[in-house]
Novice: 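One structure, as structure tokens, below. Some questions next.
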2 protein chains.
Amino acid sequence: MTDLPQQPPTPPRATRSDARTNRARVLAAASEALAESANASLTSIAKRAGVGVGTLYRHFPTREALIVELYHQEIQKVIDLAHDLAATRPPLEALRAWFQEVARYGQLKYGVAEVIHAATNGGLDDEHYGPFLGAIGALLDAGAAEGTLKAGTDPEDVLLQLSVLWRIPPGPGAADRAARILDLVTDGLRVRT
Amino acid sequence: MTDLPQQPPTPPRATRSDARTNRARVLAAASEALAESANASLTSIAKRAGVGVGTLYRHFPTREALIVELYHQEIQKVIDLAHDLAATRPPLEALRAWFQEVARYGQLKYGVAEVIHAATNGGLDDEHYGPFLGAIGALLDAGAAEGTLKAGTDPEDVLLQLSVLWRIPPGPGAADRAARILDLVTDGLRVRT
DNA sequence: GAACGTACCGGAGGCCCTTCCGTTTAGCAA
DNA sequence: TTGCTAAACGGAAGGGCCTCCGGTACGTTC
């Protein structure tokens, strides 16, 4: 159970330099291409990056993996926010506020959406998935400690419920609908008096 | 509101006979192919039916449309069940029982799953979507009348929440997980005392 | 039963996803 | 410098999705 930060034991060799630059070029190209059209093809991104498709796939096995990497920072912000809220606000309020933020981020860009999607598809490495679950767990635990939220809820179940947000068809009523659904989810998590 | 069976006013022309038989052949081929492998390609189904891909697409614009047609009867059963339960059982119990049934059907075959998916994707004609919403509405209304379920919940929102069930990765724990999530959803729909 | 308009057919074509493997090259060691 | 080797590259290949349009044949009308 020791969890101290220790030097990794110098793995056989480091990443080759061309691999690093290619990876960066793909990310840059993806950033541009996705800004122009949210559903740009991976083929076109590879071409734009001046790289073979194989190379793109080697670095990012799935479309989600690529997007998740792109929105890495925003995802981290959402995760951090959960811990902040859990620590500084009444649990129920914290949960509500965080849900709203998740919905907002997800609708705006869609890095968070992809994490959730990738997560529910089971195909995500722990680098983002774990912390995201941790964020939810922190909110749930705070509420459980206070007695307003059910104890023992599985964060993964909540994550799955949140994934519904990205399936709301876009349009005028979308925000309202998201709010309604979040209310339902929230009430489902609360302790019944 | 008259609902009498009346002669349709002879629309310009009837469907051509070859169209009807082709449609039937596609359905038959799809039934076989999907029994063998749940993700048989539309191309292969068309080939199996001895029909061009174009023909398949003309009759069933999307994969969901095809599957929904195949499981037409099972879907109808689920819809009927909702009305039965709403009429004969205490609302909360009815809701729970129906949710379980939906989960079961969805995991078994997956006609219902496709309806829900198609519905949330907005691409479904009213023939199945409307009744399905009506079924949910009946259950919600019964509960609202009794005072155990929130009044004014949008059936579409509930449908969307149910769609989560089909994203549970299959495996040993899947059934338990579905049950847990259905409990959360149910509690979200109940009136808070 | 012949002729015609149109509903319907079929599959080629364009695009995309994903894998696989022969070729290239970075980085280390002599 | 020169070799060497494994890491990384690139793109061809195989398969699927969906659209589009020239051709076919059903059903009707005379």
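Chain A is the first sequence line, chain B the second, and so forth, proteins listed ahead of strands; every chain is numbered from 1. Predicted model only: the values in this text are computed from it and were never measured.
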Novice: Tell me which of B:Val53 and B:Thr15 sits closer to the 5' end of DNA chain C, going by the nucleotide each one is nearest to.
Specialist: B:Thr15
Novice: Of all residues at least two apart in sequence or in a different chain, which pass the side-chain contact (heavy atoms from CB on, under 4.5 Å) check with B:Ala46?
Specialist: B:Leu56
Novice: Which listed nucleotide (C:dC16, C:dG10, D:dT19) is nearest to the side chain of A:Ser41?
Specialist: C:dC16
Novice: Mind running a 4.0 Å heavy-atom check of residues 16-25 of chain B against DNA chain D and sending the residues that fall below it, in number order?
Specialist: B:Arg16, B:Ser17, B:Asp18
Novice: Could you list the residues that satisfy side-chain contact (heavy atoms from CB on, under 4.5 Å) with A:Ser31, not counting sequence neighbours?
Specialist: A:Leu70
Novice: Consider the side chain of A:Arg63, meaning its heavy atoms from C-beta on, and name the nucleotide among C:dG10, D:dC9, C:dC17 that approaches it most closely.
Specialist: C:dC17
Novice: Let me know, please, whether A:Gly54 or B:Pro61 comes out on the 5' side of the other along DNA chain D by nearest nucleotide.
Specialist: A:Gly54
Novice: In chain order, what residues pass the side-chain contact (heavy atoms from CB on, under 4.5 Å) check against A:His83, with sequence neighbours excluded?
Specialist: A:Ile79, A:Ala135, A:Ala138
Novice: What's the CD-P distance between A:Glu64 and C:dC17, to the nearest Å?
Specialist: 12 Å
Novice: Starting at CZ of A:Phe60 and ending at P of D:dA8, how long is that distance when rounded to a whole Å?
Specialist: 13 Å
Novice: Take atom NZ in B:Lys47; do more than 12 heavy atoms of anything else shown fall under 6.0 Å from it?
Specialist: no
Novice: From CG of A:Asn39 over to P of C:dC15, roughly how many Å is that when rounded to an integer?
Specialist: 15 Å
Novice: I'd like to check the salt bridge (Lys or Arg N to Asp or Glu O under 4.0 Å) partners of A:Glu146; sequence neighbours left out, ordered by chain and number.
Specialist: none
Novice: Show me the donor-acceptor pairs, under 3.5 Å and distance only, between side chains in residues 91-100 of chain A and residues at least two apart or in other chains.
Specialist:
from: A:Glu93; atom 1: OE2; to: A:Arg89; atom 2: NH1; distance (Å): 2.7
from: A:Trp98; atom 1: NE1; to: A:Val78; atom 2: O; distance (Å): 2.9

Novice: Whole Å only: how far is the CZ atom of B:Arg58 from the P atom of C:dG10?
Specialist: 8 Å
Novice: Please determine if a side-chain N or O atom of A:His59 lies less than 4.0 Å away from the OP1 or OP2 oxygen of D:dA8.
Specialist: no
Novice: Using a 4.0 Å cut-off on heavy atoms, which residues in residues 42-49 of chain B reach DNA chain D? List them by number, or say none.
Specialist: B:Leu42, B:Thr43
Novice: Which pairs with one or both residues in residues 18-29 of chain B pass side chain to side chain donor-acceptor pair (under 3.5 Å), sequence neighbours excluded?
Specialist: B:Arg16-B:Asp18
Novice: The criterion is side-chain contact (heavy atoms from CB on, under 4.5 Å); which residues satisfy it with B:Asp84, sequence neighbours excluded?
Specialist: none
Novice: Taking atom types as modelled, is there a side-chain donor on B:Gln76 or B:Asp80 under 3.5 Å from an acceptor on the other?
Specialist: yes
